[in-house]
Amino acid sequence: MSIVRTATVAAVFFSLTNAVFADPLMLVPSDPQPKDLKPGLAVRYAYPHEVKNLRSAEKALARKSEVGTPLAGLDHRDTLIGEKVMTSRRDTQVAADITGYVRFDAPGVYTIDFLTNDGLRATVGGQVVGEFDGRQSCEETFAVEVEVPKAGWYPLHALYFQRLNTACLHMRAGLNTDRPTWMPDTAFGH
């Protein structure tokens with residue numbers, strides 16, 4: 001039993017050490033860089049009877065979705081019970097497919113995280129930069145370090161779902177040693 005326990009502790013330590021000392025994820029800018037973008041992000045919504053995880057959100061969006069009013073950005077505060085999710089037409093059981101671009105004004109290593117209620121899988125520049133597959137109150141995802149090779153627009157895609165009660169979705173980023181702060185609406189286009 002102690003050999004199994006020791007092996008388990010060693011495996012967890014090795015995984016955590018690799019995560020802490022891992023190289024930043026390299027983002028790939030959009031090529032060519034988009035021109036004449038509209039502000040904000042495009043969004044499609046689905047309204048399933050029940051959504052408990054990212055897979056059920058994907059299935060609901062594949063079955064039937066509708067175009068929503070574009071999002072100004074990714075700074076959606078925690079709602080009160082009964083308030084609609086983002087620009088959707090409902091307050092519960094909402095799946096969203098969010099697409100567009102995010103602009104980084106300078107190259108460098110950024111720390112990115114999200115606050116989400118409930119589930120989220122977000123990719124920027126071809127890399128998963130935020131993920132939580134479950135239900136939670138408005139809580140942070142694990143912070144991810146990314147390398148932005150040059151200033152410009154990077155493709156963004158987010159799969160999001162909200163199940164019951166309240167909802168939130170925020171994106172934060174910080175350059176080099178800066179602590180992540182809210183991404184302004186002006187950083188997004190579609």
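Since the model is a prediction, treat every value here as computed from it, not as a measurement.
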Q. Looking only at heavy atoms, what is the nearest atom pair of V148 and A106, with distance?
A. CG1-O, 3.9 Å

Q) Given D31 and Q33, is the side-chain contact (heavy atoms from CB on, under 4.5 Å) satisfied, shown in steps? A) CA-CA 5 Å; D31 185 19; Q33 285 286 291; over 6 Å; no

Q: Please examine the side chains of Y110 and P180, heavy atoms only from C-beta on, and report whether any two atoms are closer than 4.5 Å.
A: no

Q. Taking C-beta and beyond as the side chain, do L164 and Q93 meet within less than 4.5 Å on heavy atoms?
A. yes

Q. How long is the span from the OG1 atom in T141 to the CZ atom in F132, to the nearest 0.5 Å?
A. 10.0 Å

Q. Is it the case that one hydrophobic cluster holds both V129 and V109, taking links as side-chain heavy atoms less than 4.5 Å apart, direct or via other members?
A. no

Q.
According to a hydrophobic-cluster definition based on side-chain heavy atoms being under 4.5 Å apart (Ile, Leu, Val, Met, Phe, Trp, Tyr only), do L175 and F114 belong together?
A. yes

Q: Using a strict 4.0 Å threshold on nitrogen-to-oxygen distance, state whether R77 and D75 make a salt bridge.
A: no

Q | Side-chain heavy-atom pair L41, L74 within 4.5 angstrom cut-off | A | yes

Q) Rounded to the nearest 0.5 Å, how far does CG of D91 lie from CG of N165? A) 9.0 Å

(Q) Measuring only between side-chain heavy atoms, which start at C-beta, is L159 closer than 4.5 Å to L61? (A) yes

Q: Please report the C-alpha distance between L156 and M171 in whole Å, then the side-chain angles of each, then the deciding distance to 0.1 Å, and finally whether the side-chain contact (heavy atoms from CB on, under 4.5 Å) criterion is met.
A: CA-CA 11 Å; L156 178 144; M171 180 179 176; 4.2 Å; yes

Q. Backbone N or O of H76 within a donor-acceptor pair of the H170 side chain at under 3.5 Å?
A. yes

Q: Taking all heavy atoms of F161 and all of A57, pick out the closest pair and write down the distance.
A: CB-CB, 3.9 Å

Q.
Would you compute the distance between atom CG of D118 and atom OG of S137 and round it to the nearest 0.5 angstrom?
A. 9.0 Å

Q) Are L115 and W182 side-chain neighbours, meaning at least one heavy-atom pair lies under 4.5 Å? A) yes

Q) Can V124 and L27 be said to form a side-chain contact (heavy atoms from CB on, under 4.5 Å), step by step? A) CA-CA 7 Å; V124 172; L27 301 187; 3.8 Å; yes

Q | Partner set under salt bridge (charged side-chain N to carboxylate O under 4.0 Å, His left out) for R121, not counting sequence neighbours | A | E58, E131

Q | Approximate separation, where rounding is to 0.5 Å, of N117 CG and T79 OG1 | A | 7.0 Å

Q) Going by heavy atoms in the side chains, are V94 and V51 under 4.5 Å from each other? A) no

(Q) Checking salt bridge (Lys or Arg N to Asp or Glu O under 4.0 Å) between E50 and each of R135, K59, R163, which is the one that passes? (A) R163

(Q) Tell me whether the NZ or CZ atom of R89 lies within the 45° cone about the ring axis of Y47 and under 6.0 Å from its centre. (A) yes

Q) Do any N or O atoms from the side chain of Q127 and from the backbone of M26 form a donor-acceptor pair under 3.5 angstrom? A) yes

Q. Does any N or O in the side chain of H190 come within less than 3.5 Å of the main-chain N or O of P39, such that one atom is a donor and the other an acceptor?
A. yes

Q: Rounded to the nearest 0.5 Å, what's the gap from CD1 on I98 to CG on L169? Could you check?
A: 5.5 Å

Q.
For A46 versus K64, what's the shortest heavy-atom pair and its separation?
A. CB-O, 3.4 Å

Q. By salt bridge (charged side-chain N to carboxylate O under 4.0 Å, His left out), which residues pair with D36, not counting sequence neighbours?
A. none

Q | Verdict with reasoning, F104 to Y154, per ring pair (Phe, Tyr, Trp, His ring centres under 6.0 Å) | A | CA-CA 8 Å; F104 293 97; Y154 288 74; 5.5 Å; yes

Q: Taking only Lys NZ, Arg NE, NH1 and NH2, and the carboxylate oxygens of Asp or Glu, determine whether D113 and R172 approach each other closer than 4.0 Å.
A: yes

Q. Does any N or O in the side chain of E83 come within less than 3.5 Å of the main-chain N or O of L80, such that one atom is a donor and the other an acceptor?
A. yes

Q. Considering all heavy atoms of both residues, which atom of A167 and which atom of Y160 are nearest to each other, and what is their separation?
A. CB-OH, 3.5 Å

Q.
If I compare all heavy atoms of L54 with all of D133, which pair ends up nearest, and what's the gap?
A. N-OD1, 2.7 Å

Q: Hey, could you give me the CE/SG distance between M86 and C168, rounded to the nearest 0.5 Å?
A: 10.0 Å

Q | For S56, all residues meeting side chain to side chain donor-acceptor pair (under 3.5 Å), sequence neighbours excluded | A | N53

Q. Does one side chain, of T87 or Y45, offer a donor that lies under 3.5 Å from an acceptor on the other?
A. yes

Q) Looking at side-chain heavy atoms only, is the closest gap between P29 and K150 below 4.5 Å? A) yes

**Q.** Side chain proximity check, L37 to W153, heavy atoms < 4.5 angstrom
**A.** yes

Q. Going by an N to O cut-off under 4.0 Å, is there a salt bridge joining D97 and R44?
A. yes

Q) What pair of heavy atoms forms the shortest contact from S30 to Y101, and how long is it? A) OG-CE2, 3.6 Å

